[in-house]
There are 2 protein chains.
Amino acid sequence: MKVEAKLNPTYEEIVDIFNRALSKEAIVNIFAHCRVFYDGRAKSELGPGDRVILIKPDGSFLIHQKEKREPVNWQPPGSSVGLEVKEDKIFLRSIRRKPREILEVELLNVYLISYFQAEDYEELALTGSEAEMADLIFENPSLIEDGFKPLFKEKPIKHGIVDVLGVDKEGNIVILELKRRRADLHAVSQLKRYVEAMREEHEKVRGILVAPSLTSGAKKLLEKEGLEFRKLTPPKRGKSKRGRQKTLFD
Amino acid sequence: MKVEAKLNPTYEEIVDIFNRALSKEAIVNIFAHCRVFYDGRAKSELGPGDRVILIKPDGSFLIHQKEKREPVNWQPPGSSVGLEVKEDKIFLRSIRRKPREILEVELLNVYLISYFQAEDYEELALTGSEAEMADLIFENPSLIEDGFKPLFKEKPIKHGIVDVLGVDKEGNIVILELKRRRADLHAVSQLKRYVEAMREEHEKVRGILVAPSLTSGAKKLLEKEGLEFRKLTPPKRGKSKRGRQKTLFD
DNA sequence: GCCTAGGTCCCGTGG
DNA sequence: CCACGGGGCCTAGGC
């Protein structure tokens, strides 16, 4: 069976279904009243409450409360999960090596256990990333300024990796730091770090922050440091049939 | 009912259960073969495949493939979800305002639809954060160095917010940048930004990066910039009954 | 709302 | 394995 679900399962049914799910490399889904303990890079405790538990065949382990996009506790891919019944208590335990981390869920009551032997061969096709900004600039350098010549993408330098490295029409070295969204102080610091590293070995180096907009603080720091800004919004390329927007927004 | 689940539901059952879940402010969980379209800050498409869909009463919307900790597509809290049947097709649609983002799921086949009216009044108690490193330093300033006096936490300065600001026994201003994990180039740039801002208005300013360890690049840059490093690991405080570790690791 | 920075960030990529 | 930086980052805390 590709999918199985049991409401209010007994301990035996939980063990049975869980093991069958594991052997099928299925995604396990549990609605439970539970407590959660985590110890690893940090350490946490979560008292009794109702949560949704998702365990994937790659070892990913997610515990979701009824709010927020983020799981309240989790384990990343590569972790090993196990189910243990002892002394009338039932535990899910997930262990990760390197760094060693343990996630322990005490299942106080299981409302539903289900699994899904999911088949999926598709990968996400996403557009509008920083990488596409770089492509756009290489295709059309005048978006930065007249006479700009981009030379490298993702170029490693002394203290970091520059998004785009090129020269302007005067022959100055130009470093671009690209941001797909509004650029902040962090982005300016990053650009400054690259510019200073290049200035150790070259005469004239310009730094340009390329983004759709700037935060107020970023603007202040950028100006103080003599760095520049060029407005550019990441392109959304047509990855699919034309007219997708229409069906989406209809 | 707190929980409901239906295997291989008809269109009517899907609509029925989905609406009941919404009215109960339950978490909706769907195992489906589906396609996904997203348009907003970026834009994406995901071809047909089996996924787990989780919709929370706060508007959070997650689509999980069988691998990775991260949802392949999602909508954050505050989004509005709806179910629409048209022309023998069934769609889940979630809309977010500000920024405007649309997530559309075409349900090609629903293997299981379930909901869970979760009750949860507990919040995560977590220890081992950067904030606790700051507390520790205020309690025991000699962890930084003999004679160090911490004065401010999260102190806003010209270009950013300093983790800890204090003075050393010579009266120099000392800026601490804390990292709960291995500190990288970014951390050094951040510290450098604060130190340079403070040096505009004060004579002697020291910058100390406080972390359990440093990346190789961070060490190089730190030394070149004349900044300092103090090794400190974030404390895991006993937030619960003593001896938790024992049960966890047994 | 904007800004700033942390996160058990996760994740991909390159050395 | 480490290092580096992006992300539709998300989330929290100030203002």
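In what follows, chains carry the letters A, B, and so on, assigned in the order in which the sequence lines appear, proteins first and then strands, with residues in each chain numbered from 1. Everything numeric in this text was worked out from a predicted model, so none of it was measured.
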Integer-rounded Å distance: D/dG5 P and A/Met133 CE: 17 Å
Lys/Arg N to Asp/Glu carboxylate O, B/Glu130 vs B/Arg180, below 4.0 Å: no
Can you give each donor-acceptor pair under 3.5 Å made by side-chain atoms of residues 68-83 of chain A, sequence neighbours left out, with the distance rounded to 0.1 Å?
unit_1	atom_1	unit_2	atom_2	d
A/Arg69	NH2	B/Glu70	OE1	2.8
A/Glu70	OE1	B/Arg69	NH2	2.7
A/Asn73	ND2	A/Ser44	OG	3.1
A/Gln75	NE2	A/Ser94	O	3.0
A/Gln75	NE2	A/Glu101	O	3.3
A/Ser79	OG	A/Pro76	O	2.7

Under-4.0 Å salt bridge between A/Lys66 and B/Asp58: no
B/S/- contact track for nucleotides 6-15 of chain C, protein heavy atom under 4.0 Å: SSBBSSS---
By ring-ring contact (aromatic ring centres under 6.0 Å, His included) - contacts of B/His186 (at least two apart): A/His186
Side-chain ion pair, B/Glu228 and B/Lys219, N-O less than 4.0 Å: no
Distance in angstrom units between A/Glu132 CD and D/dG8 P, rounded: 11 Å
Same-atom distance (P) from C/dT8 to D/dC4, integer angstrom: 22 Å
Test: B/Lys153 and B/Asp135 ion pair at under 4.0 Å: yes
Residue-level proximity of residues 209-219 of chain B to DNA chain C when a heavy atom falls under 4.0 Å: none
Canonical and wobble pairing (Watson-Crick, G-U, under 3.5 Å) of DNA chain D, dot-bracket with |: |||||||.|||||||
Pair A/Arg237, A/Thr127: side-chain N/O donor-acceptor within cut-off below 3.5 Å: no
B/Arg100 vs D/dG8: side-chain N/O to OP1/OP2 distance below 4.0 Å: no
Side-chain ion pair, A/Glu225 and A/Lys220, N-O less than 4.0 Å: no
Contact nearer the 5' end of DNA chain D, comparing A/Lys98 with A/Val162: A/Lys98
Rounded distance in Å between the C1' positions of D/dG7 and C/dA5: 16 Å
Partner set under ring-ring contact (aromatic ring centres under 6.0 Å, His included) for B/Phe61, not counting sequence neighbours: none
Whole-Å gap separating C1' (D/dC10) and CG (A/Leu62): 15 Å
Nearest-0.5 Å distance that lies between atom CG in A/Leu191 and atom OG in A/Ser189: 9.5 Å
Short N-O contact, B/Glu67 and A/Lys56, less than 4.0 angstrom: no
